[in-house]
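Have a look at the structure below before the remarks.
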Amino acid sequence: MKLARIRADVLAGLTTSFALVPECIAFALVAQLNPLMGLYGAFVICTITALFGGRPGMVSGAAGSMAVVIVALVVQHGVPYLLATVLLSGALMVLFGALRLGKLVRMVPHPVMVGFVNGLAIVIAMAQLEHFKEGHAWLTGAPLWLMIGLVALTMAIVYTVPRLTRSVPPALVAILGVGVMANVLGLPTRSLGDLAHIAGGLPSLAVPDIPWTLETLRIIAPYAVLMALVGLLETLLTLNLTDEITQSRGRTNRECVALGVANVASGLAGGMGGCAMIGQTMINLNSGGRGRLSGVVSGVLILMFVLFLSPLIERIPLAALVGVMFVVAQQTFSWASLGTVNKVPFHDVLVIVAVTAITVLTDLATAVLCGIVIAALNFAWQHARELYADHQLEADGSKVYRLHGTLFFASVKPFLNLFDAAGDPARVTLDCRHLSFVDYSAIEALRTLRERYVRAGKHLRVVHLSERCRQLLRRAGESHGD
C-alpha cells in the first residue's frame with residue numbers, strides 16, 4: 001500500500017470517527033440505552049465490517065434506523081433481551097449472505113435509490129436541528145446566534161479548504177479549527193460532553209443473561225427479523241451508492257456476512273446493533289477514504305476515545321459536528337433529480353417523491369418497500385398495455401392471430417379481449433412467435449381462450465411456442481397445437 005494511500009485513509013478515518021461519536025450517542029439515547037452501548041457497537045461493527053466486508057470505504061456503526069426498531073423492546077423487556085435480539089439479527093444477516101441473497105438489491109429501481117438518498121439527506125439535516133434545542137426548548141438569544149455562527153463558520157471552512165489544498169480532509173480542518181477556536185476564546189457553546197460523557201473501559205464479552213426458551217424466542221424473533229431487514233436494506237443501498245461514487249464494485253454477499261458477524265460480536269460485547277451509515281460513509285469518501293484502513297481507523301479511534309481521549313473529545317463543539325453533517329446532507333441529496341421532473345416519466349417522479357417522503361415520515365424499510373411496489377405495479381401496467389395482435393384471413397378461410405408482447409397476470413384481460421370467438425371462422429391459428437408466457441395466469445388465459453372456441457364449436461391451433469413456453473405448459477399439464 002502506497003504511503004499516500006495510507007495517509008489519506010488514516011486522515012479520513014480520523015475525520016469520520018469524530019462524526020461517528022455524536023451520532024452513535026444520539027442513537028443510543030433514542031433507544032433509551034447507555035451511550036457507551038452505542039460507542040461499543042460502533043467500535044465493533046465498524047472495525048469488523050471494514051476488515052472483512054465486501055465494500056472498502058463504507059462505514060458501518062450503531063445506526064438510527066435500527067435504534068428506532070428496538071425502543072419498544074428495551075422499554076418492555078430490558079437490555080439483556082436487546083442484546084439477544086442483536087445476536088439473532090446478526091445470525092439472520094449471516095444466513096442472508098450465505099444464501100447469496102445480496103443480489104436481490106438489483107431489484108431496487110434507480111428512482112427508489114434516488115428517493116432513498118434524498119430522504120436520508122433530509123433526515124440527516126433534520127436530525128441536526130435537535131442540537132439547536134436545550135431540553136425540549138429551542139435556543140434563543142445569544143446562545144442561538146453563537147450556535148448559528150459556529151455552524152456557518154464550519155460549513156464555510158469545509159467548502160473553502162478544497163480550493164486551497166486537498167492534502168487534508170476539509171471536515172477535519174473544520175472540526176479541529178472551530179474546536180480550538182471555541183476553547184481558546186472560551187466561547188459558551190455546547191460541546192460533545194454536554195450530550196453525554198463517553199469515558200469507559202474495555203467492553204467485556206458475555207452471553208446475555210436471559211432464559212433461552214421458546215418464549216424468549218417468541219419475544220425477540222419479530223424484532224430480530226425487522227432489525228436484520230432494515231440493516232441489510234440500508235447496507236446494500238449504501239453499498240450501491242458507494243459503488244457509484246467510487247466507480248468500483250463491492251461484494252454484496254460478503255458484506256452481508258461480515259455485517260452479521262459484526263452484529264453478533266457487538267451483541268456479545270454489550271453493544272447496539274448496527275449497519276452501514278450513509279452520512280459517515282459520505283464523510284469518509286469525501287475525505288479521501290477508499291481502503292479498509294479508513295474504516296479500521298474509525299472503529300479503533302472510537303474505542304480510544306472511550307478509553308483515553310474522552311476529556312479532549314468531549315470539548316469538541318457540537319456546532320462543528322452539526323456544520324459538517326449539514327454539508328454531508330447537502331452533498332448527499334441528489335440535486336440533479338430536481339431537474340429531471342419534466343424529463344423522465346411521471347411514474348418515476350412519483351416513485352422518487354414517494355420514497356423521499358416516506359423515508360422522512362416513517363422509516364427506510366417502509367419507504368423502499370413502497371417504492372418497489374409502486375415501480376413493480378407501473379412495470380406490470382406498462383407491459384400489459386404493450387400486448388397487441390395482428391390478424392388476417394387466409395385463403396382457406398381460416399384466421400391467424402399474431403400476438404406480440406408478454407402474457408402474464410396483468411395482461412390476461414387485454415389478451416382475451418383481442419379475440420372474437422363468436423365471429424371468427426371455424427379454424428383459428430394463434431401464432432405465438434412473438435409472445436412470451438410468464439406465469440400461471442398466462443396458462444389459465446390460454447385455457448380460457450380454448451374453452452371459448454370449443455363452446456363456439458370452433459378449433460383453435462397454437463403454433464410457434466418458444467421452448468420456455470412449451471415447458472411452462474407441459475408443467476401445467478396443458479397440450480399445445482404445434
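Along the sequence shown, the residues carry numbers beginning at 1.
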[X] side, atom [atom1]; [Y] side, atom [atom2] - distance, nearest 0.5 Å:
X      : Y      : atom1 : atom2 : answer
Cys275 : Glu234 : SG    : CD    : 4.0 Å
Arg163 : Tyr159 : CZ    : OH    : 10.5 Å
Thr47  : Phe52  : OG1   : CZ    : 10.0 Å
Leu217 : Leu88  : CG    : CG    : 6.5 Å
Leu307 : Leu202 : CG    : CG    : 5.0 Å
Leu104 : Leu236 : CG    : CG    : 9.0 Å

Answer yes or no: is there a side-chain heavy-atom contact under 4.5 Å between [X] and [Y]?
X      : Y      : result
Leu146 : Pro188 : yes
Met147 : Arg190 : no
Phe326 : Val151 : yes
Asn240 : Met113 : yes
Met277 : Phe27  : yes
Leu259 : Ile48  : no
Arg166 : Val161 : no
Leu195 : Leu192 : yes

Please report the C-alpha distance between Asn284 and Ser294 in whole Å, then the side-chain angles of each, then the deciding distance to 0.1 Å, and finally whether the side chain to side chain donor-acceptor pair (under 3.5 Å) criterion is met. CA-CA 7 Å; Asn284 187 52; Ser294 60; 3.2 Å; yes
Taking all non-hydrogen atoms of both residues, which atom of [X] and which atom of [Y] are closest, and how far apart?
X      : Y      : answer
Ser89  : Met227 : CB-CB, 4.0 Å
Val264 : Ala91  : CG2-N, 3.8 Å
Val71  : Val30  : CG2-O, 3.4 Å
Pro111 : Val351 : CB-CG1, 3.8 Å
Asn183 : Gly179 : ND2-O, 2.7 Å
Val114 : Ser337 : CG1-CB, 3.6 Å

When you measure from the side chain of [X] to the backbone of [Y], do you find a donor-acceptor pair of N or O atoms at a distance under 3.5 Å?
X      : Y      : result
Ser287 : Gly289 : no
Thr362 : Thr359 : no
Glu23  : Ala63  : no
Thr238 : Ala276 : no
Asn263 : Gly260 : no
Asp439 : Phe409 : yes
Ser310 : Ile198 : no
Asn286 : Met282 : yes
Asp9   : Arg292 : no
Gln32  : Leu29  : no

For Glu134, what residues pass the salt bridge (Lys or Arg N to Asp or Glu O under 4.0 Å) criterion, not counting sequence neighbours? none
Show me the donor-acceptor pairs, under 3.5 Å and distance only, between side chains in residues 373-383 and residues at least two apart or in other chains.
residue, atom, partner, partner atom, Å
Asn378, ND2, His347, ND1, 2.9
Asn378, ND2, His347, NE2, 3.3
His383, ND1, Phe379, O, 3.3

Quick one: do Asn118 and Thr332 satisfy side chain to side chain contact (heavy atoms under 4.5 Å, CB included)? Show the steps, please. CA-CA 7 Å; Asn118 290 351; Thr332 301; over 6 Å; no
List the steps, then state whether side chain to side chain contact (heavy atoms under 4.5 Å, CB included) holds for Met272 with Val86. CA-CA 7 Å; Met272 287 175 60; Val86 174; 5.9 Å; no
Using the ring-ring contact (aromatic ring centres under 6.0 Å, His included) criterion, which residues pair with [X]? Sequence neighbours excluded.
X      : result
Phe132 : none
Tyr81  : His77
Phe305 : Phe18

Where do Phe408 and Ser441 land on the side chain to side chain contact (heavy atoms under 4.5 Å, CB included) test, with the steps shown first? CA-CA 6 Å; Phe408 65 115; Ser441 296; 6.0 Å; no
Should Asp243 and Ser248 be marked as a side chain to side chain donor-acceptor pair (under 3.5 Å) after you check the CA-CA gap, both sets of side-chain angles, and the distance that decides it? CA-CA 5 Å; Asp243 284 353; Ser248 60; 4.8 Å; no
Report the C-alpha distance between Thr281 and Thr16 in whole Å, list the side-chain angles of each, state the deciding distance to 0.1 Å, and finish with yes or no for side chain to side chain contact (heavy atoms under 4.5 Å, CB included). CA-CA 8 Å; Thr281 296; Thr16 306; over 6 Å; no
Decide if atom [atom1] of [X] counts as having more than 12 heavy atoms of other residues, nucleotides or ligands within a radius under 6.0 Å.
X      : atom1 : answer
Met126 : CE    : no
Lys133 : NZ    : yes
Leu185 : CG    : yes
Arg251 : CZ    : no

Have Arg55 and Thr252 got a donor and an acceptor in their side chains that come within less than 3.5 Å?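 Result is no, nothing qualifies.
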N/O donor to acceptor pairs below 3.5 angstrom from side-chain atoms of residues 33-45, sequence neighbours left out:
residue, atom, partner, partner atom, Å
Asn34, OD1, Leu36, N, 2.9
Tyr40, OH, Gly201, O, 2.5

